[in-house]
Amino acid sequence: MPKGMVYLVGAGPGNPELLTVRAKELIETAEVLVYDYLVHPAFTHLLSTSCEQICVGKRKGFHSKKQEEIQAILIAKANEGKRVVRLKGGDPFLFGRGGEEAMALASAGIEFEVIPGITAAMGASAFSGIPLTNRNTNATLVFVTGHEDPEKLDTTVDWESLPKKNSTICIYMGVANLDRIAERLRSGGFLEETPVVCVEWATMGHQRICRGKLGTISETAKAFDLKAPAIIIVGETAAMSEDLSWFEKKPLQGRKLVVTRSQGQASELSSMLEKLGAEVIGLPLITISGNVDKQTAADVFGEIASYDWLVFSSPNGVRYFFEAFFEKFEDIRSLGFLRIAAVGKSTAKEIKKFYVTTDLVPPEANAESLAEALVATDSLDSAKVLVVAGNLGRDVLIDKLEEARAIVDRFEVYKTEQTDLSENPAAKMFREQGADGILFTSSSGVRSFVDQAKHLQLSASALRPKTISIGPITSATMKQIGLPVDLEAKEASLDSLVDSVVRRFGK
Ligand code: SAH
């Protein structure tokens with residue numbers, strides 16, 4: 001049995017785009033992922049489908065796993081020979097008990113690596129426009145914890161003697177004790193007027209900033225209903241946030257939006273919304289996986305050069321077709337001289353990734369339109385057509401092609417299944433928090449959402465989302481199933497959808 005390895009990886013402050021390159025690479029190749037609650041659910045789309053996920057979520061109120069148990073899990077999994085990623089919020093060696101975990105691994109003789117992450121204070125500083133140091137006013141920087149380990153009896157932070165002159169104090173885990181902390185800082189000599197900024201959910205779309213002064217911050221924070229996780233920054237530069245807070249200006253900042261997608265796929269829509277400042281929950285309603293029958297593949301590839309048309313009805317079809325193709329052939333020229341059709345632009349774009357040009361894309365992205373366009377080429381009579389499909393594809397296309405006297409082979413390369421959402425972190429986040437809106441971009445997305453409804457029941461305090469549709473076909477499905485359509489995009493395109501969302505929800 002080869003010895004396993006543990007990677008103590010910093011996930012950054014929350015915004016999934018702030019992962020390091022190394023962290024992303026390790027998450028993508030992990031065999032076991034052990035994570036806690038501050039880690040954003042979006043990382044799951046990076047995981048391989050076979051990765052075992054263990055949530056050891058430490059959250060105030062319920063410690064789901066004791067520190068010793070977490071360490072025991074890491075050691076046991078490594079001893080099974082696994083590649084274990086221990087993903088921790090922010091930086092693993094800053095207030096995250098990463099040191100204890102590394103010590104436990106070292107004494108168990110387990111090999112490990114530590115990958116730093118952007119710590120919450122730095123994320124809060126950047127995303128609220130507070131330079132942590134400043135040439136003339138702030139020369140000392142302190143990272144301090146406001147929440148002592150409840151298992152420890154004495155308090156080790158000497159608040160009264162923190163540096164007062166030209167300093168910036170960043171307080172982690174300080175929300176619950178804010179009154180006492182502010183008081184002790186004042187009695188240590190910090191001035192009442194010292195600017196204080198609390199950044200809740202820093203770097204995330206739903207980040208909120210509470211601004212005040214040391215003398216009154218506990219009332220200000222109460223009125224603001226400040227909640228953990230937050231970083232509290234005390235010092236002269238905190239006042240600069242008024243002028244430098246660039247993130248708050250994004251039109252969708254503070255909005256939480258849900259997009260539906262398939263497991264393992266990043267979504268173009270999510271990234272468009274995130275760039276506008278929104279917090280996006282990507283609900284992975286379905287799981288798509290390769291599903292090629294060996295015998296069929298041997299038959300198809302054995303006579304690949306004899307086909308006249310190769311027809312793709314989805315980007316997934318393209319991906320899994322070429323995966324199987326390159327397992328058998330080394331050279332794209334083995335495709336022969338066939339012509340290639342794609343149901344729409346995104347499918348053609350996927351084909352292009354293999355340096356192959358698509359000969360035909362119908363005016364509308366659906367099976368009927370694709371069939372019509374193929375028939376219109378007048379090349380189908382006795383032609384051999386290979387239709388690449390998933391397990392759910394409709395037969396309209398094949399029927400129409402056969403009517404035009406084509407000889408059609410259907411090649412199934414992938415299958416679509418419902419994702420198990422009971423333990424899925426994104427689904428959990430949706431159940432607990434809800435959202436401002438949920439965006440539907442296809443009828444199948446609507447259907448899978450309704451199919452999965454039992455795993456998506458909102459808690460009493462969650463925000464009830466508005467339902468938003470990309471266009472008339474999706475809206476029709478929503479109405480038919482009984483979902484209201486609160487907003488529909490002007491034109492059925494992602495750009496128009498995002499535009500409508502900004503008009504309705506934007507600042
Ligand atoms: N290792 C982490 C800190 C874990 S301690 C790091 O380097 O960032 C947990 C505390 O971190 C929270 O109580 C809060 O003070 C802070 N924190 C973590 N994520 C945060 C976020 N997105 N916004 C604000 N504070 C955050």
Side-chain angles (χ1 to χ4, degrees), residues 7-20 23 34-43 56-63 67 70 86-102 114-130 132 141-150 152 157 168-178 181-182 196-211 217 221 224-234 238 241 245 247-248 253-254 256 274 277 279-281 425 429 433:
Y7 299 88
L8 295 173
V9 180
N15 182 327
E17 301 208 315
L18 295 177
L19 274 180
T20 61
V34 182
Y35 65 97
D36 27 54
Y37 96 101
L38 277 175
V39 169
H40 196 277
F43 69 83
V56 292
K58 279 208 207 156
R59 186 161 205 173
K60 224 180 123 219
F62 56 97
H63 277 232
Q67 190 59 32
I70 297 175
R86 168 68 173 121
L87 194 59
K88 302 175 79 73
D91 181 85
F93 275 1
L94 247 162
F95 303 129
R97 305 186 74 167
E100 290 165 56
E101 290 173 21
V114 184
I115 291 84
I118 295 176
T119 188
M122 294 174 68
S125 134
F127 276 65
S128 65
I130 302 176
L132 292 178
L141 177 60
V142 176
F143 286 173
V144 57
T145 168
H147 169 84
E148 295 297 334
D149 187 336
K152 262 194 282 175
V157 176
T168 309
I169 313 288
C170 296
I171 306 162
Y172 288 71
M173 295 173 275
V175 176
N177 293 334
L178 184 55
I181 293 170
V196 180
V197 167
C198 312
V199 190
E200 180 186 292
W201 287 114
T203 76
M204 315 270 283
H206 56 300
Q207 164 179 303
R208 296 196 307 149
I209 300 181
C210 169
R211 299 179 171 88
I217 190 65
F224 185 87
D225 193 26
L226 181 73
K227 296 236 163 66
I231 286 286
I232 299 154
I233 304 179
V234 182
S241 168
S245 159
F247 186 54
E248 272 178 312
Q253 204 273 310
K256 201 179 295 161
E274 275 163 2
E279 169 68 22
V280 179
I281 305 184
M429 192 181 202
Q433 305 178 2

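Both ligands and their constituent atoms are indexed starting at 1 by order of listing.
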Worksheet item: Mind checking whether Ala228 has a heavy atom under 4.0 Å from ligand 1?
Response: no
Discussion item. Below 3.5 Å, N or O to N or O, backbone or side chain included: is there any such pair between Ala120 and ligand 1?
Written reply: yes
Item to complete: Return yes if a side-chain donor-acceptor contact under 3.5 Å exists between Gln253 and Glu279, otherwise no.
Response: no
Item to complete: Consider ligand 1: state whether an atom of it lies below 4.0 angstrom from any non-hydrogen atom of Gly14.
Response: no
Worksheet item: Would one find an N or O of Ala202, backbone or side chain, under 3.5 Å from an N or O of ligand 1?
Response: yes
Fill in: Side-chain heavy atoms of Ile217 within contact of Leu178, under 4.5 Å
yes
Worksheet item: Heavy-atom contacts under 4.0 Å between Ala230 and ligand 1: side chain, backbone, both, or neither?
Response: backbone
Fill in: Closest approach of any protein heavy atom to atom 4 (C) of ligand 1, naming residue and atom
Phe95 O, 3.4 Å
Item to complete: Would you please classify the geometry between the His206 ring and the Trp201 ring as parallel, tilted or perpendicular, with 30° and 60° separating the classes?
Response: tilted
Worksheet, complete the sentence: Nearest non-hydrogen protein atom to atom 3 (C) of ligand 1, with distance, is Leu94 O, 3.5 Å
Worksheet entry | Shortest protein contact, atom 13 (O) of ligand 1 (heavy atom only) | Met173 CG, 3.1 Å
Fill in: Interfacing atoms of ligand 1 (cut-off 4.0 Å, heavy-atom, Asp91)
1 (N), 6 (C), 7 (O)
Worksheet item: What protein heavy atom sits nearest atom 11 (O) of ligand 1, and how far off is it?
Response: Tyr172 CD2, 3.5 Å
Worksheet item: Does Pro116 offer a backbone N or O that forms a donor-acceptor pair with the side chain of Asp91 under 3.5 Å?
Response: no
Discussion item. With nothing but distance in play, are any N or O atoms of Gly89 less than 3.5 Å from an N or O of ligand 1?
Written reply: yes
Worksheet item: Within 45° of the axis and under 6.0 Å from the centre of the six-membered ring of Tyr7, does NZ or CZ of Arg86 qualify?
Response: no
Discussion item. Out of all atoms in ligand 1, which are within 4.0 Å of some heavy atom of Thr119? Include the element for each.
Written reply: 6 (C), 7 (O), 8 (O)
Discussion item. Can you confirm whether Thr119 sits close enough to Phe95 that some side-chain heavy atom of one is under 4.5 Å from a side-chain heavy atom of the other?
Written reply: no
Worksheet item: Considering only heavy atoms, does Val199 approach ligand 1 within less than 4.0 Å through its side chain, its backbone, both, or neither?
Response: backbone
Worksheet item: Is there a donor-acceptor pair closer than 3.5 Å between any side-chain N or O of Glu200 and the backbone N or O of Ile209?
Response: no
Worksheet entry | Where ligand 1 meets Pro13 - atom numbers and elements under 4.0 angstrom, heavy-atom basis | 19 (N), 21 (C), 22 (N)
Fill in: Phe43-Tyr35 aromatic ring centre distance below 6.0 Å
yes
Worksheet item: So does Met122 have more than 12 non-hydrogen atoms from other groups sitting under 6.0 Å from CE?
Response: no
